[in-house]
There are 2 protein chains.
Amino acid sequence: MKKDSRLSSVLHALLHMAEQGKPITSEVLAKCMCTNPVVVRRTMGLLRNAGLVTSERGHAGGWRINAELSKVTLFDLHDALGEPAFFAIGNRNENPNCLVEQSVNAALDDTLAQAEALLIARFKSVTLAQLAAEFARRHAKYRQQKD
Amino acid sequence: MKKDSRLSSVLHALLHMAEQGKPITSEVLAKCMCTNPVVVRRTMGLLRNAGLVTSERGHAGGWRINAELSKVTLFDLHDALGEPAFFAIGNRNENPNCLVEQSVNAALDDTLAQAEALLIARFKSVTLAQLAAEFARRHAKYRQQKD
DNA sequence: CTTCATGTAACTATTGTAGTTACGATTCGT
DNA sequence: ACGAATCGTAACTACAATAGTTACATGAAG
């Protein structure tokens, strides 16, 4: 299956929006992410439903962040996107009668649950503010190398 | 995307094969897993390529385990299946020029890498023998409840 | 009232497993 | 030698979810 890159997308968009004070249009975000404005609206719309961003139509319209960067975590974004599945592997049959299959499912479920718990814990611990700071570091280093 | 259930499938098949001394046909395995013999052959063929099972054609043919149960781990099976992707989420663009996107990718990559390391460690620590033992426990309990 | 934007529906493209059909290639029993 | 049982494999369809595209409606600002 094709990987879901929406979390990656919205993080990219949100950090660019954080840099700018004014609203950014779907058109600009789309160009910046090598895609189409409709895809941007569709994805950002999920964040709007969750109250994390606002959108305005017409002249000087666009998208704006509606939350403190230090209070929005990757988990919040993943949640706003509808909690897409983390894993590309899973059980063949979730409710088997076969005891063999039940044992197999239990073993895989247990392992995946641990990995998911780790992912969720990490997602909850990373904020937009931290990512913005990390970007600032990269940016400073880049400018330094350029000189 | 549809989840990859091949690891689950081959575990189920291998444990049934371990129970039986003689070869099991694709037909029987298929029935047991509610699928088609061709799907079984296709998937089990990957294990044969890795030397974990053997197949024989003709009368009294079928599939047989070709390894010690205590030496085959979930990792070995995942490897034999061609190391399918663990995750259903990922970066939009793996080699971006944009420094913002690089920061985002680095953060996600780091988190996913940790979860993947955990999965791999667990997969390496679980053997077919352990799963067979776990099944035996379930089986005993089930027979006890039935009495 | 025109232009700039978002909102949204509808359709296609993509990607990989799963399922199905068909047929070829072996092996064994008689 | 024949025929049935099995695997081997190609080719095609089904499916599911995101991504991409086209088209058009809606609303806000000048």
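Lettering follows sequence order; numbering is per chain, from 1. Values below: every heavy atom of this structure, side chains too, minus hydrogens, waters and symmetry copies.
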Protein-nucleotide distance ([X], atom [atom1]; [N], atom [atom2]), rounded to Å:
X: A:Met33; N: D:dT18; atom1: CE; atom2: C1'; result: 13 Å
X: B:Leu29; N: C:dA18; atom1: CG; atom2: P; result: 15 Å
X: A:Arg42; N: C:dT12; atom1: CZ; atom2: C1'; result: 11 Å

Is [X] near enough to [N] that one of its side-chain N or O atoms lies under 4.0 angstrom from OP1 or OP2?
X: A:Arg41; N: C:dG7; result: no
X: B:Ser26; N: D:dC7; result: yes
X: B:Arg6; N: C:dT17; result: yes
X: A:Arg57; N: C:dT3; result: no
X: A:Ser5; N: D:dA19; result: yes
X: B:Arg92; N: D:dG20; result: yes
X: B:Thr35; N: C:dA18; result: no
X: A:Thr25; N: C:dC4; result: no

**Prompt:** The side chain of A:Trp63 lies closest to which of these nucleotides: D:dG8, C:dT6, C:dC4?
**Reply:**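 It is C:dT6.
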**Item:** Toward the 5' end of DNA chain C, by each residue's nearest nucleotide, B:Cys34 or A:Val38
**Value:**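 This one resolves to A:Val38.
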**Message:** Does this structure show an ion pair linking A:Asp76 with A:Lys71, if we count only N-O contacts that are shorter than 4.0 Å?
**Reply:**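 So A:Asp76 does not pair with A:Lys71 through a salt bridge.
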